[in-house]
J.: 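Sharing a structure, written as structure tokens. Questions coming.
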Amino acid sequence: GTWQWETGLGAQNYFLRSNTPGDAIAFQARGDQVEIVMRRGPDLGTMKVQVDGKPANQLIDGRMSLSVRDSDWTPIVVAKDLGPGDHRVD
């Protein structure tokens, strides 16, 4: 995708950003749950998350709307009770 590292407001003041609809990113996570800090705001669309090839178990069908009235940075637990070890997040 067209992801770029940015600085400023957000998770630890350092984050990845894409403005391209349909863009995707994948990473490895270690532990029992996955939490993603994301920006939510007007007209930001929908996020789809899979963990180990399955829909993230804390989202309905692995999807979550990012469109809300007021913009903010929000930590969201998207998957939990994964068991120990490495997990692929798409």
J.: For Asp70, check side-chain contact (heavy atoms from CB on, under 4.5 Å) against everything at least two apart and list the hits.
T.: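 If we apply the side-chain contact (heavy atoms from CB on, under 4.5 Å) test to Asp70, skipping adjacent residues, there are no hits.
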J.: Tell me which donor-acceptor pairs under 3.5 Å the side chains of residues 24-36 have, and how far apart each pair is, sequence neighbours excluded?
T.:
from	atom 1	to	atom 2	distance (Å)
Arg30	NE	Asp86	OD1	2.7
Arg30	NH2	Asp86	OD1	3.1
Arg30	NH2	Asp86	OD2	3.3
Asp32	OD1	Leu82	N	3.4
Asp32	OD1	Gly83	N	2.9

J.: The criterion is side-chain hydrogen bond (donor to acceptor under 3.5 Å, both in side chains); which residues satisfy it with Thr20, sequence neighbours excluded?
T.: Thr2
J.: By side-chain hydrogen bond (donor to acceptor under 3.5 Å, both in side chains), which residues pair with Asp72, not counting sequence neighbours?
T.: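 With neighbours one apart ignored, the set is Thr74.
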J.: Side chains of residues 54-65: which donor-acceptor partners sit under 3.5 Å, not counting sequence neighbours?
T.:
from	atom 1	to	atom 2	distance (Å)
Asn57	OD1	Lys80	N	3.0
Asn57	ND2	Lys80	O	2.8
Ser65	OG	Ser67	N	3.2

J.: Could you tell me which residues satisfy salt bridge (charged side-chain N to carboxylate O under 4.0 Å, His left out) with Arg88, sequence neighbours excluded, listed by chain and number?
T.: Asp90
J.: CG of Leu66 to CE of Met38: how many Å apart, nearest 0.5 Å?
T.: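 CE of Met38 is found 6.5 Å from CG of Leu66.
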J.: If Ile, Leu, Val, Met, Phe, Trp and Tyr residues are connected whenever their side-chain heavy atoms lie under 4.5 Å apart, and connections chain through other members, are Met47 and Leu44 in the same group?
T.: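 Yes, it is one cluster - the side chains of Met47 and Leu44 are joined through contacts under 4.5 Å.
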J.: I want to check something: taking the side chain as every heavy atom from C-beta on, are Arg40 and Ser71 in contact at a cut-off of under 4.5 Å?
T.: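 No, every pair of side-chain atoms sits at 4.5 Å or beyond.
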